[in-house]
Undergrad: 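This is the structure I want to talk about, given as structure tokens.
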2 protein chains.
Amino acid sequence: MNAGTEQKLINKNINPTAMRLLVLDLLLKQNSAISLSDIEKGLEPADRTTIYRTLKTFEEKGLTHIIDDGTGSPKYALCLEECDANEHHDLHVHFYCTSCKETFCLPNCKIPDLSLPNDFTATEMNLVVKGVCDRCKN
Amino acid sequence: MNAGTEQKLINKNINPTAMRLLVLDLLLKQNSAISLSDIEKGLEPADRTTIYRTLKTFEEKGLTHIIDDGTGSPKYALCLEECDANEHHDLHVHFYCTSCKETFCLPNCKIPDLSLPNDFTATEMNLVVKGVCDRCKN
DNA sequence: AAATTAATGCAATTCCATTGCATTGCTTTA
DNA sequence: TAAAGCAATGCAATGGAATTGCATTAATTT
């Protein structure tokens, strides 16, 4: 495992325990967002609750973000932008491929500005696009 | 109950049973999207399963749409655009107010076009904005 | 070394959506 | 009109997953 992994935790003020290193390492290897169950399978026989709480910590410290892709099971992915404990900036689009069932972050695809009705104030936005990804197109 | 309510069901090829009229009537009265539990409370002592299946039928016939607002419990609202059994066109933005916890359709707020990466094809989009609604701003 | 705090693991809860199945009601047809 | 078939309903059970409680273990501080 890369030594930089530990540094990534320290940078975010996260105590680098063995479990947390494993989870972060697994996340670093992904090219799509994965679910708690995926992580559980990938780290067997690690305990589900611990992973759950690890992800919660990561999210609170601005290391990962939680993606609601509409499938009902939350997905987790590393923050690509500079996020911290106070604020998340993952205003990019997420893409759910109906063919391979994977969820991708599209960091270069920002959510466009939109004009809300009068007196509506936005603090957060979540845009999920469903369709077919590049690898699944035939 | 308005007689037009029954016609709305017939127009969508939905057999207008008593239960379905009640559910549709309740939906017509809302100015925000509501959950299955909300409807259940509003129609006590009607059975949850029946309401669930009623909403499923409505959705399949293009009368209502299901909104995933990220709270974990799906919300239901009447389709404002012309939807039918084959296709839904509810490409408007949904707004979740973190103050009153209500979910609104913003039919005049369309999801802007966006350019996906090469070889990604979109079939559906869901944009949820979180923030404070007009009634909750102080 | 003792005491406090942080992290972990197991078990139990809880919350809903969803399904199975039996019953009831409606409609068609002989 | 009676029988048969299909549609709708209601109750009970299932299932999946997030979440919480609590006891144990590990790490840190005094």
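The model shown is predicted, which means the values in this text are computed figures rather than measured ones. So that the names make sense, note that chain A is the first sequence line, chain B the second, and so on, each numbered from 1.
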Undergrad: Examine C/dC26: is either OP1 or OP2 under 4.0 Å from a nitrogen or oxygen in the side chain of B/Asn15? Give yes or no.
TA: no

Undergrad: Write down the distance between CG (B/Asp47) and C1' (D/dA13), rounded to a whole number of angstrom.
TA: 13 Å

Undergrad: Please tell me which of B/Gly72 and B/Arg53 maps to the more 5' nucleotide of DNA chain C, matching each residue to the nucleotide holding its nearest heavy atom.
TA: B/Gly72

Undergrad: Look at B/Thr50 and D/dG10 and indicate whether a side-chain polar atom (N or O) is within less than 4.0 Å of OP1 or OP2.
TA: yes

Undergrad: State whether a side-chain donor-acceptor pair under 3.5 Å links A/Asp69 with A/Thr71.
TA: yes

Undergrad: Calculate the interatomic distance between B/Leu22 atom CG and D/dA8 atom P; express it in whole Å.
TA: 16 Å

Undergrad: Taking donor-acceptor contacts at under 3.5 Å, does the side chain of A/Arg48 reach the base of D/dG16?
TA: no

Undergrad: Among D/dT19, D/dT9, C/dA17, find the nucleotide with the atom closest to the side chain of B/Ser73.
TA: C/dA17

Undergrad: Just to confirm, is there a sub-4.0 Å distance from OP1 or OP2 of D/dA8 to any side-chain nitrogen or oxygen of B/Thr17?
TA: no

Undergrad: With no hydrogens and no angle check, is any side-chain donor or acceptor of A/Ser35 less than 3.5 Å from a backbone partner on A/Ser73?
TA: no

Undergrad: Could you state the CE-P distance from B/Met19 to D/dT9, rounded to the nearest angstrom?
TA: 7 Å

Undergrad: Quick one: B/Leu9 CG to D/dA8 P, roughly how many Å, whole number?
TA: 11 Å

Undergrad: Starting at NZ of A/Lys75 and ending at P of D/dA18, how long is that distance when rounded to a whole Å?
TA: 9 Å

Undergrad: Just say parallel, tilted or perpendicular for the rings of B/Phe95 and A/Phe120, cut-offs at 30° and 60°.
TA: perpendicular

Undergrad: Side chains of B/Lys75 and B/Phe104: closer than 4.5 Å at any heavy-atom pair?
TA: no

Undergrad: Which whole-number value in Å describes the distance from A/Ile39 CD1 to D/dA18 P?
TA: 10 Å

Undergrad: Any side-chain N or O of A/Arg20 below 4.0 angstrom from OP1/OP2 of C/dA7?
TA: yes

Undergrad: Expressed in angstrom and rounded to an integer, what is the separation of B/Leu55 atom CG from C/dT18 atom P?
TA: 11 Å

Undergrad: Aromatic rings B/His65 and B/His94: how do their planes relate, parallel, tilted or perpendicular, breaks at 30° and 60°?
TA: tilted

Undergrad: Output the single nucleotide from C/dG9, D/dT20, D/dT9 whose closest atom is nearest the side chain of A/Lys56.
TA: D/dT20

Undergrad: Can you check the A/Asp38 CG to D/dA18 P distance for me, whole Å?
TA: 11 Å

